[in-house]
Amino acid sequence: MEKNRAKKMYDYHVWANQQVFQNLKQLPDGVYVDTIKSVFPSIKDVLVHLYATDITWLEIMKGSTIQDTFKKVERRREEVRGVSINELESCYDGLAKDYYDFLATQPDLERTIVTEHPKMGICEFVLADLIHHVVNHGTYHRGNVSAMLHQQGERGVPTDFVFYCLK
């Protein structure tokens with residue numbers, strides 16, 4: 001990718017998600033789906049939430065209405081409801097491709113996007129800031145996954161940005 005900070009941050013987001021999936025696939029089967037008392041009922045629920053939210057922001061960046069976005073997100077959430085960890089990882093890969101395809105068509109990541117939110121009304125965002133928001137949101141929930149793994153007696157995987165830079 002070109003030397004663009006927002007795109008580099010998105011590259012990090014994709015890498016960090018891949019690290020989480022690789023770690024989870026090495027653990028006992030139940031760890032991914034077992035119900036535990038935490039912020040989310042299971043690790044799978046965290047990953048589905050993150051997936052759905054990433055779809056939401058991509059649709060907003062593309063200029064979709066909030067109503068169309070919510071419909072698409074619900075449809076895609078239903079599609080991943082019963083999938084295996086490998087299938088969900090594949091969905092993440094497809095979504096990353098959608099993001100990269102979108103970003104490749106953007107001549108100005110500093111442009112302002114205007115959207116309407118059902119509770120907050122009209123909102124203006126800089127595209128690069130939304131990409132950073134997607135990454136920050138992912139970092140937060142990867143932390144949830146790590147904490148949930150520790151609750152189950154398992155280890156998380158380091159996904160700090162510095163590890164991405166050292167790869």
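All values below come from the heavy atoms of this structure, side chains included, with hydrogens, waters and symmetry mates left out. As the structure is a prediction and not an experimental result, all values here were calculated from the model.
For D11 against Y100, the heavy-atom pair with the smallest separation is OD1-OH, 2.6 Å. Scanning all heavy atoms of the two residues, the minimum distance from L149 to G156 falls at CD1-CA, 3.7 Å. Here the closest non-hydrogen pair linking F40 and M148 is O-CE, 3.3 Å. Annotation for I113 and I60: closest pair CG2-O, 3.8 Å, computed over non-hydrogen atoms. V73 approaches T56 most closely through the heavy-atom pair CG2-OG1, 3.2 Å. Of all heavy-atom pairs spanning N4 and A6, the tightest one is OD1-N, 2.9 Å.
Residues K72 and D68 are not paired through a salt bridge, judged by the lack of any N-O separation under 4.0 Å between the basic side chain and the carboxylate.
Listed by chain and residue number, nothing satisfies the salt bridge (charged side-chain N to carboxylate O under 4.0 Å, His left out) test with K71 (two or more places apart in sequence, or in another chain). Among residues two or more places apart in sequence or in another chain, the ring-ring contact (aromatic ring centres under 6.0 Å, His included) test is passed with F163 by none. Annotation: side-chain hydrogen bond (donor to acceptor under 3.5 Å, both in side chains) contacts of R155 (sequence neighbours excluded): none. In this structure, E154 has no salt bridge (charged side-chain N to carboxylate O under 4.0 Å, His left out) partners at least two apart in sequence or on a different chain. Applying the side-chain hydrogen bond (donor to acceptor under 3.5 Å, both in side chains) criterion to S90, with sequence neighbours excluded, gives no partner residue. The salt bridge (charged side-chain N to carboxylate O under 4.0 Å, His left out) search around R77 returns E74, not counting sequence neighbours. Every residue two or more places apart in sequence or in another chain that forms a side-chain hydrogen bond (donor to acceptor under 3.5 Å, both in side chains) with E87 is listed here: S84. T139 pairs by the side-chain hydrogen bond (donor to acceptor under 3.5 Å, both in side chains) definition with R142, not counting sequence neighbours.
The local environment of OH in Y140 is sparse, with at most 12 non-hydrogen atoms from other residues, nucleotides or ligands closer than 6.0 Å.
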With side chain to side chain contact (heavy atoms under 4.5 Å, CB included) as the criterion, how do N17 and T159 come out once you've worked through the C-alpha distance, each side chain's angles and the decisive distance to 0.1 Å?
CA-CA 8 Å; N17 287 337; T159 59; over 6 Å; no
Please report the C-alpha distance between L88 and Y32 in whole Å, then the side-chain angles of each, then the deciding distance to 0.1 Å, and finally whether the side chain to side chain contact (heavy atoms under 4.5 Å, CB included) criterion is met.
CA-CA 11 Å; L88 185 59; Y32 171 64; 3.3 Å; yes
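Judged as a side chain to side chain donor-acceptor pair (under 3.5 Å), the pairs with a partner in residues 18-30 (not counting sequence neighbours) are, in order, Q22-E89, K25-E89.
Neither side chain, T69 nor E59, offers a donor N or O lying under 3.5 Å from an acceptor on the other.
Atom CD1 of I36 sits about 4.5 Å away from atom CD of Q152, to the nearest 0.5 Å.
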Considering only distance and modelled atom types, tabulate donor-acceptor pairs under 3.5 Å from the side chains of residues 43-52, sequence neighbours left out.
from : atom 1 : to   : atom 2 : distance (Å)
K44  : NZ     : R81  : O      : 2.7
K44  : NZ     : V83  : O      : 2.9
D45  : OD2    : S42  : N      : 3.4
D45  : OD2    : S42  : OG     : 3.0
H49  : NE2    : H137 : NE2    : 3.2
H49  : NE2    : H141 : NE2    : 3.2
Y51  : OH     : R76  : NE     : 3.2
Y51  : OH     : R76  : NH2    : 3.1

Show the atom names and distances, to 0.1 Å, of all donor-acceptor pairs under 3.5 Å that link a side chain in residues 114-125 to residues at least two apart or in another chain.
from : atom 1 : to   : atom 2 : distance (Å)
H117 : ND1    : K119 : N      : 3.0
H117 : ND1    : M120 : N      : 3.2

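Hydrophobic cluster membership of L166, counting Ile, Leu, Val, Met, Phe, Trp and Tyr whose side-chain heavy atoms lie under 4.5 Å apart directly or via other members: none, as it forms a cluster of its own.
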